[in-house]
Amino acid sequence: MKNYEIAWILLEYADLLDLTGENPFKARAYRRAARQLEQLSQPVTELNRQGRLTEINGVGSTISNQIAELLATGSIAAMESLKKQVPSGLFTVLTVPGVGPIRAHLFYQELGITSLAELEEAARKRQLRKLKGIGNKVEATILDGIRRLTDPQFSQRLPLALADEYADLLISRLNLTPEVVEVAVAGSLRRRVETVGDLDLLVATQAPEDVGAFFRSFPEFTKILTAGLTKISAYHRGGFQVDLQMVLPNQFPAALAHFTGSKEHNIRLRQLAKAKNYRLNEYGFQNLKAEGSDFLPTSEAELFNFIELPFIEPELREDRGEIEAAQAGELPQLITVTDIQGDLHIHSRWSDGLATIEEIARAAAARGYSYIAICDHSQSLSIAKGLTFQRLQAQRQEIANLNQHGDLGIFILSGIEVDILNDQLDFPDAVLAEADVVVASIHSGFKQPPETIMSRIELALRNPHVDILAHPTGRLLGRRAGYAIDLDRIIDLAVETQTALEINAFPDRLDLDDRSTRQALERGAMVVINSDSHRLEHLDNMRYGVSVARRAWAEPHQILNCRNLQGLREWLTSR
DNA sequence: GCCGTTTTCGGCCCGACTGTTTTCAGTCG
């Protein structure tokens with residue numbers, strides 16, 4: 001059993017505890033334990049064998065015994081008996097905005113509601129308002145929430161790139177009013193999570209009423225959900241929620257940290273503040289012992305320093321070990337976009353790209369790169385005008401000419417994105433050996449059984465000419481899950497064969513994702529960030545790949561294309 | 001359920017907003 005699978009079961013247990021009206025701190029204990037398991041670098045099965053489970057933070061005698069039971073028997077008896085008390089449909093009832101564990105439990109106890117459909121029917125028949133503490137407003141909120149849950153437009157999380165665009169528009173609009181002193185993106189978008197559920201914006205102002213009224217009047221909002229003195233929530237016509245927080249200018253740094261989160265990270269910070277006899281909230285530090293000795297940080301760095309931590313980058317604020325690393329002075333020196341020296345996966349007009357190689361080279365040079373690799377598709381991918389051997393030869397000649405006479409200020413490597421077919425690569429070794437860079441990837445047979453896909457990928461990784469495995473899981477955000485692969489095994493093979501794993505920076509892909517990348521890096525795999533550009537503007541998608549790498553704690557020396565051309569060539573020839 | 005240079009018992013992060021109340025419970029982030 002994998003760590004994340006065990007963690008998932010503990011999370012389910014926590015939900016069950018919530019739904020049965022147990023002590024909320026008990027559920028929190030299980031969530032905390034699950035979180036610790038997820039970020040563990042060693043297998044839980046191994047720790048269990050060694051009887052060392054209780055060494056994990058948040059795992060005591062009960063949970064360690066239950067994990068042992070789970071590993072031995074495949075289930076936890078206490079959890080199974082809870083499941084008998086709680087129909088599985090109650091979990092979906094919990095997803096309705098305005099319905100938490102207490103109300104879900106109440107609806108189940110009093111009305112026998114165990115599904116979304118039953119909840120909707122009860123609300124329509126005005127049954128809910130008969131219950132204690134529930135009125136017509138709550139009923140309406142629940143009906144609206146169910147409508148939103150089942151509306152396809154609202155059912156998907158917003159991809160990072162799209163969220164950036166919407167946020168930029170809202171921020172430039174907010175800046176039109178002079179009462180706005182400062183605006184910033186907060187929440188998961190600032191932490192650069194691959195998809196965001198809603199947009200969090202923070203404004204510094206002396207006049208929150210005016211800013212609030214201005215904000216509420218934005219035409220793109222289809223409904224104002226809440227409108228308080230400091231917080232406004234609205235539905236955006238793009239199918240997501242926007243939360244605006246307003247604070248006084250001198251509260252801005254503390255508020256920025258607070259609303260950036262994550263929630264779990266904030267809890268850790270507040271615990272540290274509390275140990276120093278301070279309460280930390282969105283307004284600053286309040287001294288719990290001495291009135292008037294409050295502290296308003298003037299920057300996020302000052303806020304961290306006050307609780308004896310160095311500045312922690314937003315991408316790391318997930319309570320995935322960053323607090324401990326900060327305390328030990330072992331935070332990573334995260335990669336930035338300016339560390340990127342080149343892009344090793346770009347398509348030209350020779351296959352399904354729109355730009356010529358020369359146009360690409362000039363655009364890449366303008367972005368400060370010192371090299372690029374043109375990796376057009378191979379022959380079998382006819383839908384993408386895949387290159388035959390003859391056309392590949394002609395393309396190589398063009399690249400050679402450009403390098404020789406082009407005056408481009410950038411070096412063009414001649415590459416190929418070779419398709420991984422069912423039992424071979426799309427070009428023979430002799431052809432691959434001639435390429436400067438070989439990127440291998442799967443474009444067919446997504447639904448094959450795991451063994452089949454895995455043997456194809458293994459074939460590619462074991463081929464000595466293959467330098468990079470591109471978009472390793474094949475997932476498309478919000479559209480297609482990845483292939484059924486064993487990522488642990490792929491990472492092991494990549495390390496063994498010294499093949500680089502790609503973070504494909506295309507906003508639809510972001511493949512590998514942050515968690516997988518972190519695993520790969522921890523186990524010593526080489527990682528490369530590529531744009532997979534098909535037109536010139538796509539080169540700018542590199543930053544989304546860099547975001548993934550930053551969330552994976554990547555430092556420049558771990559990323560292949562942070563090397564200069566000589567370093568890259570040394571790596572390519574050393575393998 | 002977990003945990004301990006204030007603690008082996010009694011805490012466990014903190015506040016905004018709404019609705020159903022008549023001082024607070026529930027939800028959310």
Side-chain angles (χ1 to χ4, degrees), chain A residues 10 13-14 16-18 21-36 53-67 76 78-79 93-107 128-142 144-145 186-189 191 196-202 208 212 224-233 241-247 251 254-255 257-286 288-289 307 319:
Chain A
L10 294 184
Y13 197 172
L16 282 166
L17 290 167
D18 272 341
E22 266 280 4
N23 175 3
F25 292 108
K26 200 163 157 178
R28 186 191 290 181
Y30 278 91
R31 293 203 172 93
R32 179 155 171 248
R35 186 160 202 82
Q36 293 294 322
L53 284 178
T54 50
E55 288 176 24
I56 303 168
N57 241 333
V59 177
S61 59
T62 306
I63 295 183
S64 66
N65 285 334
Q66 287 174 335
I67 292 173
I76 301 170
M79 186 173 164
V93 171
L94 260 190
T95 63
V96 177
V99 181
I102 293 171
R103 283 179 186 160
H105 192 61
L106 177 75
F107 297 155
L128 301 182
R129 63 180 67 180
K130 292 176 186 162
L131 302 174
K132 188 164 184 279
I134 308 289
N136 56 334
K137 294 261 179 83
V138 171
E139 227 172 40
T141 305
I142 287 173
D144 194 56
S188 51
L189 184 53
R191 300 198 310 278
V196 302
D198 47 30
L199 284 187
D200 290 300
L201 301 177
L202 177 65
I224 304 297
L225 293 169
T226 66
L229 296 170
T230 64
K231 178 183 169 178
I232 296 171
S233 296
Q241 189 176 320
V242 182
D243 293 332
L244 176 72
Q245 310 278 345
M246 292 170 288
V247 295
Q251 299 166 331
H258 174 88
F259 292 116
T260 297
S262 68
K263 185 179 165 186
E264 291 77 12
H265 171 90
N266 285 350
I267 289 174
R268 296 294 305 277
L269 295 191
R270 292 187 195 127
Q271 286 168 345
L272 292 176
K274 203 163 186 177
K276 294 190 53 144
N277 286 317
Y278 279 86
R279 172 197 294 132
L280 172 59
N281 58 25
E282 55 265 61
Y283 308 116
F285 292 95
Q286 278 115 49
L288 295 168
K289 291 282 155 73
I307 44 178
D319 191 22

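In this text, all values refer to a predicted model and were calculated from it rather than measured experimentally. Protein chains get the first letters and strands the later ones, always in sequence-line order, with residue 1 at the start of each.
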Intermediate values then yes/no, side-chain contact (heavy atoms from CB on, under 4.5 Å), A:Ile307 and A:Phe285: CA-CA 10 Å; A:Ile307 44 178; A:Phe285 292 95; 3.9 Å; yes
A:Gln241 vs A:Asp243, side chain to side chain donor-acceptor pair (under 3.5 Å): CA-CA, chis, key distance, verdict: CA-CA 7 Å; A:Gln241 189 176 320; A:Asp243 293 332; 3.1 Å; yes
Test salt bridge (charged side-chain N to carboxylate O under 4.0 Å, His left out) applied to A:Arg31 and A:Asp18, step by step: CA-CA 11 Å; A:Arg31 293 203 172 93; A:Asp18 272 341; 2.9 Å; yes
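Around NZ of A:Lys276, the count of heavy atoms belonging to other residues, nucleotides or ligands within 6.0 Å exceeds 12.
Counting only distance, with no hydrogens or angles, the side chain of A:Asn277 and the backbone of A:Leu288 share no donor-acceptor pair below 3.5 Å. A donor-acceptor pair under 3.5 Å is formed between the side chain of A:Glu139 and the backbone N or O of A:Leu128. With A:Asp144 contributing its side chain and A:Ala140 its backbone, the two residues share no donor-acceptor pair below 3.5 Å. A donor-acceptor pair is defined here as one N or O able to donate and one able to accept, closer than 3.5 Å; such a pair exists between the side chain of A:Arg191 and the backbone of A:Thr260.
At whole-Å resolution of the value, CG in A:Leu131 and P in B:dG19 are 17 Å apart. Nucleotide B:dG15 holds its C1' atom 7 Å from the OH atom of A:Tyr283, rounded to whole Å. Atoms NZ (A:Lys276) and C1' (B:dT6) sit 17 Å apart, rounded to a whole Å. Whole-Å rounding puts the A:Leu17 CG to B:dG1 C1' distance at 9 Å. Atom pair A:Leu128:CG and B:dT20:P shows a separation of 11 Å (rounding to whole Å applied). One can place CD1 of A:Ile67 at 9 Å from P of B:dC2, the figure rounded to the nearest angstrom. For the pair A:Arg129 CZ and B:dT18 P, the interatomic distance rounds to 20 Å; values are reported in whole Å. As rounded to whole Å, 11 Å separates atom P of B:dC12 from atom CZ of A:Arg279.
Counting non-hydrogen atoms under 4.0 angstrom, A:Asn65 reaches nothing in the nucleic acid. Heavy atoms of A:Phe259 sit nowhere under 4.0 angstrom from any nucleic acid atom. Among the protein residues, A:Leu280 comes within range of the sugar-phosphate backbone only, with heavy atoms under 4.0 Å from sugar or phosphate atoms but none that close to a base. No engagement by A:Asn266 is indicated, since no non-hydrogen atom pair under 4.0 Å with the nucleic acid exists. The residue A:Ser61 sits close only to the backbone: its heavy atoms come under 4.0 Å of sugar-phosphate atoms, none of a base. A:Lys274 comes within contact range of the sugar-phosphate backbone alone, with a heavy-atom separation under 4.0 Å but no base atom that close. No engagement by A:Ala27 is indicated, since no non-hydrogen atom pair under 4.0 Å with the nucleic acid exists.
Between A:Thr62 and B:dC2 there is a side-chain polar atom (N or O) within less than 4.0 angstrom of OP1 or OP2. Not one side-chain nitrogen or oxygen of A:Tyr278 sits closer than 4.0 Å to the OP1 or OP2 atom of B:dC14. Between A:Thr230 and B:dG15 there is no side-chain polar atom (N or O) within less than 4.0 angstrom of OP1 or OP2.
The 5' end of DNA chain B is approached more closely, in terms of each residue's nearest nucleotide, by A:Gln286 than by the other of A:Lys137 and A:Gln286.
Here, B:dC17 and B:dT22 have their P atoms 24 Å apart, quoted to the whole Å. Across B:dT18 and B:dT23, the matching C1' atoms stand 15 Å from one another, rounded to whole Å. Atom name P, nucleotides B:dA25 and B:dT21: the rounded distance is 13 Å, in whole Å. Separating the P atom of B:dT8 from that of B:dC3 is a span of 16 Å, rounded to the nearest Å. As rounded to the nearest Å, B:dT6 and B:dC12 have C1' atoms that lie 16 Å from one another. Rounded to whole Å, the separation between the C1' atoms of B:dT7 and B:dG11 comes to 9 Å. Between the P atoms of B:dT20 and B:dG26, the separation comes to 13 Å (whole Å).
When the nucleotides B:dG15, B:dG1, B:dC3 are ranked by their closest atom to the side chain of A:Arg32, B:dC3 comes out on top. Here the nucleotide nearest the side chain of A:Asn281, chosen from B:dG15, B:dG1, B:dC17, is B:dG15. With B:dC17, B:dG1, B:dC12 as the choices, the nucleotide that has an atom nearest any side-chain atom of A:Arg28 turns out to be B:dC12. In this structure, of B:dG1, B:dC12, B:dA16, it is B:dG1 that holds the atom nearest to the side chain of A:Ile63. In the set B:dC17, B:dT6, B:dT20, B:dC17 carries the atom at the smallest distance from any side-chain atom of A:Leu229.
The closest side-chain heavy-atom distance from A:Glu264 to A:Arg35 is below 4.5 Å.
Using modelled atom types, one finds a donor on one side chain and an acceptor on the other under 3.5 Å when comparing A:Gln286 with A:Asn281.
Nearest heavy atom pair, residue A:Met246 against residue A:Lys231, reads CE-N, 4.5 Å.
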Pairing string, 5' to 3', for DNA chain B - Watson-Crick or wobble contacts under 3.5 Å, brackets [ ] where pairs cross, | to another strand: ((((....)))).((((((....))))))
Nucleotide-resolved protein contact map, nucleotides 24-29 of chain B, B/S/- at heavy-atom distance under 4.0 Å: --SSSB
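Using cut-offs of 30° and 60° for the angle between ring planes, the A:Tyr30 and A:Tyr13 rings count as tilted.
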